[in-house]
Amino acid sequence: MEIPSKYDPKRVEQHWYTYWMQHRFFHSTPDGREPYTIVIPPPNVTGVLHMGHMLNNTLQDVLIRRARMQGKNACWVPGTDHASIATEAKVVAKLKAEGVPKASLTREAFLEHAWAWTREYGGVILEQLKKLGCSCDWDRTKFTMDPDMEASVIRVFVDLYRKGLIYRGYRMVNWDPEARTTLSDEEVIYEERQGFLYYIGYPIVGSDDRVIIATTRPETLLGDVAVCVHPGDERFTHLHGKRVRVPICDREVPVIADPYVSMEFGTGCLKITPAHDENDYRIGQQHDLEIIDIFNPDATLNHYGLHYEGMDRFEARKAIVGELEQQGYLIKTEPYTNKVGTSERTGAVIEPRLSDQWFLSMKELAQPAMEAVLSTGEVRLVPSRFENTYRHWMENIRDWNISRQLWWGQRIPAWYYGPGKEDYAVADTPEGALELARQQSGNPGLEASDLRQDEDVLDTWFSSWLWPISVFGGILEPENEEIEYYYPTTDLVTGPDILFFWVARMIMAGYHFRGERPFETVYLTGLVRDKQRRKMSKSLGNSPDALGLIEQYGADGVRVGLLLSAAAGNDLLFDEGLCQQGMNFANKVWNAFRLVQGWQVEDRPQPEEALLGIRWYEARFQATLEEIEDHYAKYRISDALMATYKLVWDDFCSWLLEIVKPPFGEPMDRRTYAAVIGLFEGNLKLLHPFMPFLTEEVWQHIESRKPEEALVVAPWPERQPFEGALLEGFEFTREVISGIRTIRKEKNIPFREAVSLQVLDEEGADRKWELLVRKLANVDQVSLEASAPEGALSFRVRSNEYFIPLEGAVDLEEELRKIREELEYTRGFLASVEKKLSNSRFVDNAPEQVVALERKKAADAAAKIETLEKSLAKLQ
RNA sequence: GGGCUCUUAGCUCAGUUGGUUCAGAGCACCUGCCUUACAAGCAGGGGGUCGUUGGUUCGAAUCCAACAGGGCCCA
């Protein structure tokens with residue numbers, strides 16, 4: 001069989017993915033095995049794969065593939081969410097481009113377009129995950145707007161409403177003027193913006209004097225209803241009870257006193273605009289002030305804007321400042337940096353706005369969720385330092401604004417039957433609402449046509465927070481077999497940026513609706529950044545094309561590249577070089593396979609060094625397996641990968657294969673061959689979660705396998721006891737071989753030229769290891785010596801001394817210098833150890849083990865010094 | 001402004017309850033090799049006062065304090 005010298009991912013990836021799917025290896029149904037469950041963090045239905053998704057989903061795939069190999073019933077539920085703001089914005093933009101304004105459409109017509117859009121683009125990101133190799137149970141693919149998922153959301157809304165946890169309130173909320181909807185507090189991102197502080201003089205009524213206020217938002221003066229000073233501020237006591245005239249709109253407003261005002265900030269005098277600032281609103285309430293809202297929903301000025309009506313708020317700011325200046329009201333402006341809230345979705349500057357919204361009361365829900373993470377440890381955050389962030393948020397939790405002024409999403413199941421704010425009924429269905437409405441209103445004559453459903457939809461996170469329950473039907477049928485089997489899920493892998501949006505709320509929902517945690521462990525990944533540490537984003541254009549990377553480096557290469565530097569919770573500075581490294585590794589494994597499969601095998605005795613090498617590698621494999629299991633247990637996936645990488649590349653390829661490799665042109669014995677194949681298969685198993693395609697390809701090349709023997713479902717290697725002495729013996733031997741290679745390099749002795757080796761064996765080393773030295777360092781003869789020979793190059797390993805006789809090539813001075821250097825270092829080392837040992841406080845206080853170790857160090861060093869001194873004496 | 005967190009080799013990071021020859025790994029770099037699996041490779045090599053300053057201790061990269069400089073969350 002002809003096998004190309006380079007691994008070609010394109011040739012194999014599609015083939016094996018199709019094979020796995022055909023044999024339904026990713027599909028899970030409840031059975032007697034232990035379940036291992038992951039629910040995917042649902043990406044936006046219309047999104048495309050980006051680097052964050054790749055990292056996140058590669059991690060999930062590694063975990064799920066390993067669990068599957070461990071014989072657990074592995075179930076990874078994929079799906080998408082409807083992303084109401086983002087999707088609606090895209091659909092609106094598309095329609096606009098086609099000359100169709102949203103306002104010209106009915107709600108139903110708009111939703112038709114949105115569904116069409118979803119059908120067209122909805123599957124894209126999931127198809128991309130398949131390219132990455134993700135082994136999701138695709139039969140279980142869920143979408144937050146699926147009928148059953150939607151029904152779950154509605155059921156939960158009604159339930160929480162009836163428990164009194166959902167209420168309708170007139171509050172100051174975060175308004176996104178671009179999306180024309182409210183946002184929850186979590187969706188607002190505060191940014192530092194360079195602005196100005198404007199000092200404006202308000203004339204005092206009945207006086208020629210004026211009062212100066214400082215503001216960052218002069219345009220809002222059109223909504224001013226008062227000017228406020230601190231009651232204890234003596235500079236302004238003469239103003240109490242006076243009235244001032246607001247410039248431009250010429251409105252007379254009172255001067256009020258409230259301790260909220262900071263005497264230090266600005267002029268100590270504050271204008272009050274209750275409609276456009278949360279604190280002003282509070283003061284307005286306390287002082288019973290009027291509320292004047294000067295904005296339209298898109299943040300242009302309304303009729304209160306007078307001659308600025310229709311102008312954008314920022315344009316209006318400039319124009320108003322100009323007018324104030326012209327009319328002499330503007331005293332001065334100074335540069336000022338302030339924090340501005342922006343929309344997480346659209347980036348628009350948030351406008352505080354008063355409106356009726358639906359809120360979910362959080363205190364009660366938060367309590368068990370807080371305990372689960374911080375007290376009982378039922379839910380574990382990895383890395384644990386996120387617990388602090390979690391605690392801080394949970395302790396200061398505020399009610400959740402769950403209504404959105406959008407059409408794309410689950411419409412709030414509240415029906416109004418009268419003109420009053422409280423004239424509504426909440427129910428699962430219009431019929432249920434009608435019945436309730438008749439009761440509540442005492443009017444049995446109400447008809448369906450008298451009811452008007454709330455226009456708003458629910459926040460997308462109000463769907464997502466149920467995800468681990470609703471994907472298994474656990475809301476609608478709380479006792480169904482699936483939810484009972486798969487819930488609580490095992491691991492959740494997501495980014496820390498949605499710890500509050502999603503993770504915390506899922507924990508709340510888990511305890512509230514199931515009385516149980518939704519998952520055991522939350523693995524928080526880092527953010528993927530570029531080499532300048534900037535977050536990768538579409539707007540910056542610094543995110544490489546995900547599928548392009550897979551095309552270039554292969555899915556396995558990209559997976560390895562991403563994982564190599566992805567310590568949990570640490571940001572990952574993405575560098576394409578890492579994918580290159582991943583691809584190189586794939587090629588390395590591929591070529592190791594080419595070597596092995598090219599060997600001719602026949603009946604012949606097994607060389608002793610091959611047997612020794614195999615025994616050593618078995619021990620090495622076990623030691624590494626132990627290490628890898630420990631890394632997995634701690635979710636240190638990149639360390640698990642690195643340990644596997646070194647095992648395969650260094651120990652297996654560079655050492656074992658060189659040990660067992662038959663001389664050129666000679667065949668190999670059957671026992672060695674069979675053993676090497678077995679070890680190779682063990683390696684493939686460890687590698688499979690990281691590099692599923694390559695490993696399955698090689699696995700199937702090794703021999704033809706039945707479907708149930710595919711690597712994807714092969715049993716994970718078992719832990720076995722191993723001989724530590726083999727590892728120590730090999731390590732010593734490796735140093736000897738290294739020493740000979742160094743001398744070869746320094747003296748330009750080509751490898752094909754055999755050398756002989758003389759040993760001053762102070763250590764009493766096991767001579768079986770000489771077999772490896774002979775083969776790997778091309779040594780033709782090994783002899784034990786009683787004293788240092790002359791005319792030889794030397795090196796030392798522990799207290800052993802090795803000589804390579806090489807007449808004429810030996811530089812005596814150089815040899816002496818090397819020995820003196822080693823001697824000096826070792827003496828210094830011994831001195832420091834002895835100093836420790838002579839300190840009675842150390843000997844008395846330190847643990848016995850530590851003291852014993854120090855004694856051994858001293859003895860070893862002393863032995864080495866003796867060797868060195870002897871050699872020195874001989875040479876001089 | 002409040003809280004959290006980090007600073008170790010050129011880069012990205014490990015370093016567990018203070019104690020092995022503990023100052024590490026990968027990459028990058030330097031040198032030599034087209035050796036019949038692999039130049040996407042092989043062999044060898046250099047490189048750090050562990051941010052600074054104090055303290056605790058027989059012993060500090062590790063614990064404590066202050067300072068300097070990053071980052072995150074919240075307001």
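To find a chain, count down the sequence lines: A is the first, B the second, and so on, and within it residues start at 1.
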Ring geometry between A/Trp590 and A/His701 (parallel below 30°, tilted from 30 to 60°, perpendicular above 60°): perpendicular
Listed partners of A/Glu551 passing salt bridge (Lys or Arg N to Asp or Glu O under 4.0 Å), at least two apart: none
Residue from A/Glu822, A/Glu869, A/Glu866 passing salt bridge (charged side-chain N to carboxylate O under 4.0 Å, His left out) with A/Arg827: A/Glu869
Within the pair [X] and [N], is there a side-chain N or O less than 4.0 Å away from OP1 or OP2?
| X | N | value |
| --- | --- | --- |
| A/Trp649 | B/C42 | yes |
| A/Thr389 | B/C74 | no |
| A/Arg636 | B/G15 | yes |
| A/Lys588 | B/C42 | yes |
| A/Thr742 | B/A43 | no |

A/Gln580 or A/Trp393, whichever maps to the more 5' nucleotide of RNA chain B: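 It is A/Gln580, whose closest nucleotide lies nearer the 5' terminus.
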Residue whose nearest RNA chain B nucleotide is more 5′ - A/Val596 or A/Lys6: A/Val596
Consider the side chain of [X], meaning its heavy atoms from C-beta on, and name the nucleotide among [options] that approaches it most closely.
| X | options | value |
| --- | --- | --- |
| A/Arg741 | B/A14, B/A43, B/A37 | B/A43 |
| A/Asn388 | B/A37, B/U5, B/G44 | B/U5 |
| A/Lys661 | B/A37, B/U5, B/C27 | B/A37 |
| A/Phe500 | B/U35, B/U5, B/C73 | B/C73 |

Counterpart residues, ring pair (Phe, Tyr, Trp, His ring centres under 6.0 Å), relative to A/Tyr645 (two or more places apart):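 Applying ring pair (Phe, Tyr, Trp, His ring centres under 6.0 Å) to A/Tyr645 gives A/Phe585, A/Trp649.
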Ring pair (Phe, Tyr, Trp, His ring centres under 6.0 Å) involving A/Trp400 - partner list, sequence neighbours excluded: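 Counting only residues at least two positions away or on another chain, A/Trp400 forms a ring pair (Phe, Tyr, Trp, His ring centres under 6.0 Å) with A/Phe462, A/Trp465.
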What is the distance from [atom1] of [X] to [atom2] of [N], rounded to the nearest Å?
| X | N | atom1 | atom2 | result |
| --- | --- | --- | --- | --- |
| A/Leu830 | B/U20 | CG | C1' | 15 Å |
| A/Lys747 | B/G32 | NZ | P | 17 Å |
| A/Arg391 | B/C4 | CZ | C1' | 11 Å |
| A/His631 | B/C13 | NE2 | P | 18 Å |
| A/Leu563 | B/A14 | CG | P | 15 Å |
| A/Asp575 | B/U12 | CG | P | 11 Å |
| A/Asp497 | B/C73 | CG | P | 8 Å |
| A/Glu395 | B/G2 | CD | P | 18 Å |

On a whole-Å scale, what distance lies between the [atom1] atoms belonging to [N] and [M]?
| N | M | atom1 | answer |
| --- | --- | --- | --- |
| B/U7 | B/G15 | P | 10 Å |
| B/C13 | B/U53 | P | 25 Å |
| B/U31 | B/C50 | C1' | 29 Å |
| B/G3 | B/G19 | C1' | 35 Å |
| B/G18 | B/A23 | C1' | 15 Å |
| B/G47 | B/G10 | C1' | 9 Å |
| B/G51 | B/A61 | P | 10 Å |
| B/A14 | B/U35 | C1' | 35 Å |

Taking NZ, NE, NH1 and NH2 as the nitrogens, is one of them in [X] or [Y] under 4.0 Å from a carboxylate oxygen of the other?
| X | Y | answer |
| --- | --- | --- |
| A/Asp860 | A/Lys856 | yes |
| A/Glu697 | A/Arg11 | yes |
| A/Lys818 | A/Glu821 | no |

Donor-acceptor pair (no angle test) under 3.5 Å: A/Lys745 side chain, B/U31 base: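 Such a pair is found, so the answer is yes.
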Side chain A/Glu658 and base B/A37 donor-acceptor under 3.5 Å: yes
Under 4.0 Å between any heavy atoms, over every strand shown, what does [X] touch: base, sugar-phosphate, or nothing? Just pick one.
| X | answer |
| --- | --- |
| A/Lys646 | sugar-phosphate |
| A/Phe751 | nothing |
| A/Tyr645 | sugar-phosphate |
| A/Thr826 | nothing |
| A/Asn587 | base |
| A/Met642 | sugar-phosphate |
| A/Arg398 | sugar-phosphate |

Ring-face cation of A/Arg171 near A/Phe359 (centre distance under 6.0 Å, axis angle within 45°): yes
Pi-cation contact, A/Tyr260 with A/Arg282 (under 6.0 Å, within 45°):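 Yes, A/Arg282 lies over the aromatic ring of A/Tyr260.
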Pairing annotation in dot-bracket form, given for RNA chain B with Watson-Crick or G-U pairs under 3.5 Å and | for cross-strand partners: (((((((..((((.....[....)))).(((((.......))))).....(((((..]....)))))))))))).
A/Arg796 and A/Ser794 side chains, donor-acceptor separation under 3.5 Å: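 Checked: A/Ser794/A/Arg796 side chains pair up, N/O donor to acceptor below 3.5 Å.
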Check: A/Trp655 ring centre within less than 6.0 Å of A/Tyr617 ring centre: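 Centroid separation for A/Trp655 and A/Tyr617: 6.0 Å or greater.
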Show the distances under 3.5 angstrom between N or O atoms of the protein and N or O atoms of nucleotides 58-63 of chain B.
unit_1	atom_1	unit_2	atom_2	d
B/C58	OP1	A/Arg841	NH1	3.3
B/C58	OP2	A/Arg841	NH1	3.4
B/C58	O2'	A/Asn839	ND2	2.9

Qualifying salt bridge (charged side-chain N to carboxylate O under 4.0 Å, His left out) pairs with a residue from residues 557-566 of chain A, counting only residues at least two apart or across chains: A/Asp61-A/Arg559
